[in-house]
Undergrad: 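Here it is: the structure, laid out below.
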Amino acid sequence: MYQSEKRGRAKIRIKGQGATLLSLLLAAFCLLCSSMEARAQKVADRMVATVNSGVRTDLITYSDLLWQLALQPSTPLANPRSEDLNSALQSLINQRLILQEAEKLPAIAPSDEEVKAAIGELVKQFPSSAEFVERLRMVGFQSIDDEQFKEIIRRRVAIENYLNFRFRYFTVVTPQEEANFYTQVFVPRFKSRNPDRIVPTLEEARERINRRLTESKIEADTDAFLDSARESAEIIILSPV
């Protein structure tokens, strides 16, 4: 799933917003806190940022950052580092921007089967399912069946579906591009790393090369999309981390 930390040229502001916006945010935050208290969550929460691309204003809280970190293997949770929190914040800003666009296309809403499969793939990134569940519990979830946790994964799948719809399905790699990559990148790199082995032919390496070029194009297109979205969006940092 896409988690770029690319900052782009966003119109990011620090606090100092109108009373109406802050009143709405405080009301939403109170509702959020009430929900967390009902779940006996032990994380001290606060508002961190808002994101509005013209669809609505989304609130990002400190808990959101911890939830993001919990899904990243080997990232400390007990005393999260500022760089990790800021990386998580940039990823969440990107996710909110993409999600606001994705929700305009209800046909790509993820199914329960897709969400279940995504959770299964996520668990595989950790040493064991027990360790993964323990990380979830550290940030307030009870298990992988926690509805709020599944909603986070549902949003991630929706983002992935949207990126596939907007970019992957329309990405074309030409035979000439494959040939150029083969001679200019693949062969020199293979010889450097495997001096005693026979270099695969273009046909033998074509599938790998095509996959590599496809992913590079999708990443470039996604970065360009996020740069544009950040330029036009209003991103307000309420509490630096």
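All values derive from a computational prediction rather than experimental measurement.
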Undergrad: One thing to verify: whether E215 and R211 come together as a salt bridge, which I'm taking to mean a side-chain N less than 4.0 angstrom from a carboxylate O.
TA: no

Undergrad: When you compare the side chains of D84 and T75, does any donor N or O come within less than 3.5 Å of an acceptor on the partner?
TA: no

Undergrad: Do the side chain of D146 and the main chain of F141 share a donor and acceptor less than 3.5 angstrom apart?
TA: no

Undergrad: Taking 4.0 angstrom as the limit, do D221 and R166 come out as a salt bridge?
TA: no

Undergrad: Does E160 come within less than 4.0 Å of R156, counting only side-chain N to carboxylate O?
TA: no

Undergrad: Can a donor-acceptor pair be found between the side chains of R96 and N52 at a distance below 3.5 Å?
TA: no

Undergrad: Give me each pair satisfying side-chain hydrogen bond (donor to acceptor under 3.5 Å, both in side chains) with a member in residues 178-188, each pair once, sequence neighbours excluded.
TA: Q176-N180, E178-R206, E178-N210

Undergrad: Once salt bridge (Lys or Arg N to Asp or Glu O under 4.0 Å) is applied, what residue pairs with a partner in residues 179-197 remain, sequence neighbours excluded?
TA: none

Undergrad: In Å, rounded to the nearest 0.5 Å, how long is the span from CD1 of I153 to CD of Q148?
TA: 12.0 Å

Undergrad: For R135, give me all partners under side-chain hydrogen bond (donor to acceptor under 3.5 Å, both in side chains), at least two apart in sequence or on another chain.
TA: none

Undergrad: Does a side-chain N-to-carboxylate-O contact under 4.0 Å join R56 and E103?
TA: yes

Undergrad: Would you find a donor on one side and an acceptor on the other, under 3.5 Å apart, between the side chain of E219 and the backbone of S216?
TA: no

